[in-house]
There are 2 protein chains.
Amino acid sequence: MSSPGDILDLISRGDAGTRAELARVTGMARSTVAQRVDTLIAYGLVEEHETGASTGGRPPRVLRLATERNCVVGVDLGATHCRVALMDIGGRLLADREDPLRITEGPEPVLRHIDDRMHELLAQAGRPLAAVKAIGIGVPGPVEFATGRPVNPPIMPGWHEYPIPDYFTSRYDLEVLVDNDVNALALGEVRHGSTAADNLLFVKIGTGIGCGIIAGGRLHRGAQGAAGDIGHIRVPGADSAACRCGNTGCLEAVAGGAALAARLTQAGVPAADGRAVVDLVSSGDPMAVRLVREAGRDIGDVLAGLVNFFNPEAIVVGGVMAAAHEHLLAGVREVIYQRSLPLATHRLTVAPTEAGEAGGALGAGRLAIDHVLAPDNIDRALAAHAAGAAPAAR
Amino acid sequence: MSSPGDILDLISRGDAGTRAELARVTGMARSTVAQRVDTLIAYGLVEEHETGASTGGRPPRVLRLATERNCVVGVDLGATHCRVALMDIGGRLLADREDPLRITEGPEPVLRHIDDRMHELLAQAGRPLAAVKAIGIGVPGPVEFATGRPVNPPIMPGWHEYPIPDYFTSRYDLEVLVDNDVNALALGEVRHGSTAADNLLFVKIGTGIGCGIIAGGRLHRGAQGAAGDIGHIRVPGADSAACRCGNTGCLEAVAGGAALAARLTQAGVPAADGRAVVDLVSSGDPMAVRLVREAGRDIGDVLAGLVNFFNPEAIVVGGVMAAAHEHLLAGVREVIYQRSLPLATHRLTVAPTEAGEAGGALGAGRLAIDHVLAPDNIDRALAAHAAGAAPAAR
DNA sequence: CTTACTTAGTTCGATTTTCGTCAAAAGCGG
DNA sequence: CCGCTTTTGACGAAAATCGAACTAAGTAAG
C-alpha cells in the first residue's frame, strides 16, 4: 500500500518516472496509481512532461516534480558571511548570492537580510513568493532542531533560544528548518553530491572544526543536537595547546584555521586567518605546507578513532582549510590507514567535498526539500487540502 | 492507516491493551480494529486475557501477546562460555543456562551445543519446538548482520564467513539473527532494561573493550558492521603500551582486563585475568583499586571524545570489569565531565548496566523478538498465511 | 501502407476494506 | 432494580482498490 506521498517519493528519487513504472514498482493496480498521480498533479506537486521513448508500444508520459511552482530557500550562515540560495524542489540551483554579514549583529538584522535576499533571488529567477515552500538554514552553532532555536551558541551572541522559524512563519506561509551548518553540509553531500553513503562523516575544517554525521542514511543530531562537535576532542601529544573552551590539547587548538594562523605567525610567517594559511600553502610556502600536513595528521588521529567507533563508508572534508586538501588529506589518510582497523578502512573513502562555495546553502536547501517531500508530510498536506476543499465545494 | 503489524506493535509495547484503546490510539474505527485483532488472534500472536478493571462501564477485555505459543532463543557466545536463554516474545526469561565452551572449537561443535541446550530449555519450560520463532546470537567479533557471517573475527578462528544461520534454518522453521555481542547488550539495555534512550552507548569492558551503539533508537552497525570497536582508539599519554593489534597506545592495551591483570602482576600482585583484578578490587587491594580507577580515567578519555562526537543521552557500562564499577565509573565520570562540552554532558547519565549475567543472552533474544514483531515482518507473515490458507479452503 | 503487436493510460463495474451506527453486553451507583 | 457509562459485536453504507475491457499511440514486418 503506497500512499500518494510514497508515489511522490519514487518520482522525486527517479525510481519511477511514468505511471506504468510506478505500477510495476509499487505493485498496485495501474488505475490506482493513475488516481494517486492525478491527486499529486491537482495539488501542483507533479507535472506531465514530454512523452518518453517508446519501448515497442505506446510511449509513456513522463512525470516530473513540478519544479516551476515549488521552490525552497537554503541559507548558509557563517560567522562573517551569509549565502542565500534559491532552489527548486528537484534540487537545482536557480540563483544564489553571498554577502559579508556579521552574525554577531543579532537575529533581527540577519534574518531581515535573508528575507531581503530571498525576494531578490525570487525576482531574479522569476518565481512568485508563493512558490517557496520551505526555508532551510544552517547556522554555526548548536540548535534544537525541533524548535529551530540555537542553544548557547558560542559565536552567536544574542541568538540563544531565539525562535528563528517564527520570523518567517509569522510573515509567510512556509516552513522553516534550522540546523547546524555541518549537518546541512553532510546532508548536501549525500543527497546532492555523488557520494552515496548511508554512513558518512562530513568534516568541516574552518576556523574551528566540526562534523556532520549521517548514520543509517539519516542525520544524527544526538540527544541535545550537539553531536559532531569534534573540535574539542583531545589530540594525543598536544597537551600544551590551550583552547578557547578552557581545556588543553583540543583538536581545534591544534589544527583549526585560527590555530594554524597563530602558529604560523609565531613562526615568523604572518597569517591573519585560515584563508591566509591556505593562500600560503597554495603559493608553496614550505612552513605553511608542513604545518597543514601536520594538522592533517592531528585531524587524522581523531578521525582514526571515530572510524573505529562509527565505521563510516566515507569521510568528506570541507570548509575553508579543505582548499588545501592535497596536503591536509595526505596527513589525514596517513594516520587513519595506520591507526584504524583494516575492516573499517577496507572500503573507506577519504575525499574532499565536491560541493563548492555554495555547499552549505545547497545542503540547507536540501534539508528543506527533504522536509517538503517527506511522504508523511505530503500525505498530511493532501489530507488537509482535501478537507479544506470538500466542505467549501458544497 | 495502521496495519495489523502496527496494531501488534502497539500491543507489544504496552501502548494499548484493549480494542477500545487501540481504536483511540490509531484513530481507526473500532470495528476495523476489532477485525485486525481477530486476524492476529487467528494467527496465534495475540490472546484475550482477563477482563480489565471497569472505568464506569463495561470492563474491557485485555489483549496480550500470545507468549505461550511464541518464544525466542537468545545466545551469548563468549570466548570461553556459552549462555543460552529461552524467552517468550514478551521478553520474559523462561529458562537459561551457561556452560564453559571454547569458541575456538569451531562452528559445528559450538552450534550443536546451542542446539542441544535449546532443546533442554524447551523441555524444562514445557514448550514445543514449534514455539521458537527466532534465534538471536551475539558473537564476540564482527559480523555481516544481513547474512549472519562473521568477518575475520580475531578470537574466533574457523568462523570466518561461516553462515551461522544456515545451521538452524536447515533444521528448523525459524529465523536466525547474528550480531556482535555488544550490539545485543546495547539493545537489551534500551529494550529490556529501564534505560530509555534513543542515543546510547553500551561500553563492554572485559578482556577487551567494545561498544554497542544505539543511534536514533536503532542499532548502528556501520558500513561493514565494524562500528563500536573502541578498544583500539588511541589514548593520549599511553604510547608506550603495545597492543595485540600491532599499534601502541590502544585503549584496550591500557584499560582492558587482560592489560590490567598483566600490569598488576608486573607490579607484584599476581592476577590471571580481568576477573581476578575485579576480585582484588572487591577485597580492597589498594594497588588494584588505583589501577582500575586509572583505567576508568583512560576509558573516560576516549568516551569524552565520543560524547562530543555522538552526544548520547546515556552511557552504560557492562562486561566483567564493570563489576568493579564504583571505582571504574568514578574515573570515567571524572574525565568525561572534565573534557566533554557542557551541552553534551548536561543530561548525560553514566551508569552500570542493570542486566546481570544473562544480559548478553537477553539482548540477543531481544534482537530476535524485535525481528519477529517488526510490523513489516508481521504483515508479510500474515499475507503469506492468508495466501496459503485461502486457496486451500476453496 | 497496412496489419499485427506492444506498451501506456483510462473507464467503469466488481470487490474488498473501512467506517459509522446501532444494539447488546457488562459493570457501577443510587 | 434502573439509569448511566464504557466496551464489544454486527451489519449496512461509503470509500478505496482492483481488474478487465477499451482506447491511445507507438514499433516492426510484410
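Within every chain, numbering begins at 1; the chains are lettered A, B, ... in the order of the sequence lines, protein sequences first and strands thereafter.
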| Just by protein heavy atoms under 4.0 Å, how would nucleotides 25-30 of chain C read 5' to 3' in B, S and -? | BBB---
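Each of B:Ile11, B:Asp9, B:Leu65 was checked for a side-chain contact (heavy atoms from CB on, under 4.5 Å) with B:Leu373, and the lone residue meeting it is B:Leu65. Only one option out of B:Leu200, B:Val316, B:Leu219, B:Asn199 pairs with B:Val190 in a side-chain contact (heavy atoms from CB on, under 4.5 Å); it is B:Leu200.
The CE atom of A:Met28 sits 16 Å away from the C1' atom of C:dT10 (whole-angstrom rounding). As a whole-Å value, the separation of A:Leu22 CG from C:dA8 C1' is 13 Å. Distance A:Arg30 CZ to C:dC12 P: 16 Å, rounded to the nearest Å. Atom-to-atom, CD of A:Glu48 to C1' of D:dA24 comes out at 13 Å; the value is rounded to the nearest Å. Atom CZ in B:Arg61 sits about 19 Å away from atom P in D:dT6, given to the nearest Å. If you take CD of B:Glu21 and C1' of D:dT7, they are 12 Å apart, rounded to a whole angstrom. Rounded to a whole Å, the CG atom of B:Leu63 is 11 Å from the C1' atom of D:dT8.
Between B:Arg69 and B:Asp88 there is no salt bridge, since no side-chain nitrogen of the basic residue lies less than 4.0 Å from a carboxylate oxygen of the acidic one. Using a 4.0 Å cut-off between charged nitrogen and carboxylate oxygen, A:Arg61 and A:Glu48 count as a salt-bridge pair.
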Collect all protein-nucleotide pairs involving nucleotides 11-16 of chain D in which both atoms are nitrogen or oxygen and the distance is under 3.5 Å.
none

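Here the CG atom belonging to A:Leu367 is positioned 6.0 Å from the CG atom belonging to A:Leu187, to the nearest 0.5 angstrom.
A sub-4.0 Å separation between OP1 or OP2 of C:dT10 and a side-chain N or O of A:Arg19 is present.
In terms of heavy-atom proximity, B:Ala223 sits nearest to A:Glu313 at CB-OE1, 3.2 Å. Nearest heavy-atom pair, A:Gly44 versus A:Asn70, reported as atom, atom and distance to 0.1 Å: O-ND2, 2.9 Å.
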| Derivation and outcome, side-chain contact (heavy atoms from CB on, under 4.5 Å), residues B:Tyr172 and B:Val132 | CA-CA 9 Å; B:Tyr172 315 115; B:Val132 180; over 6 Å; no
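The side chain of A:Ala20 approaches C:dG9 more closely than any other nucleotide in the set C:dG9, D:dT8, C:dT18.
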What donor-acceptor contacts under 3.5 angstrom involve side-chain atoms of residues 32-43 of chain B, with partners at least two apart or in another chain?
{"residue": "B:Arg36", "atom": "NH1", "partner": "B:Ser2", "partner atom": "O", "Å": "2.3"}
{"residue": "B:Thr39", "atom": "OG1", "partner": "B:Gln35", "partner atom": "O", "Å": "3.0"}

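Ranked by how close their nearest DNA chain C nucleotide is to the 5' end, A:Ala34 and B:Thr32 are led by A:Ala34. Between A:Thr55 and B:Pro60, the residue anchored closer to the 5' end of DNA chain D is B:Pro60, taking for each the nucleotide with the nearest heavy atom.
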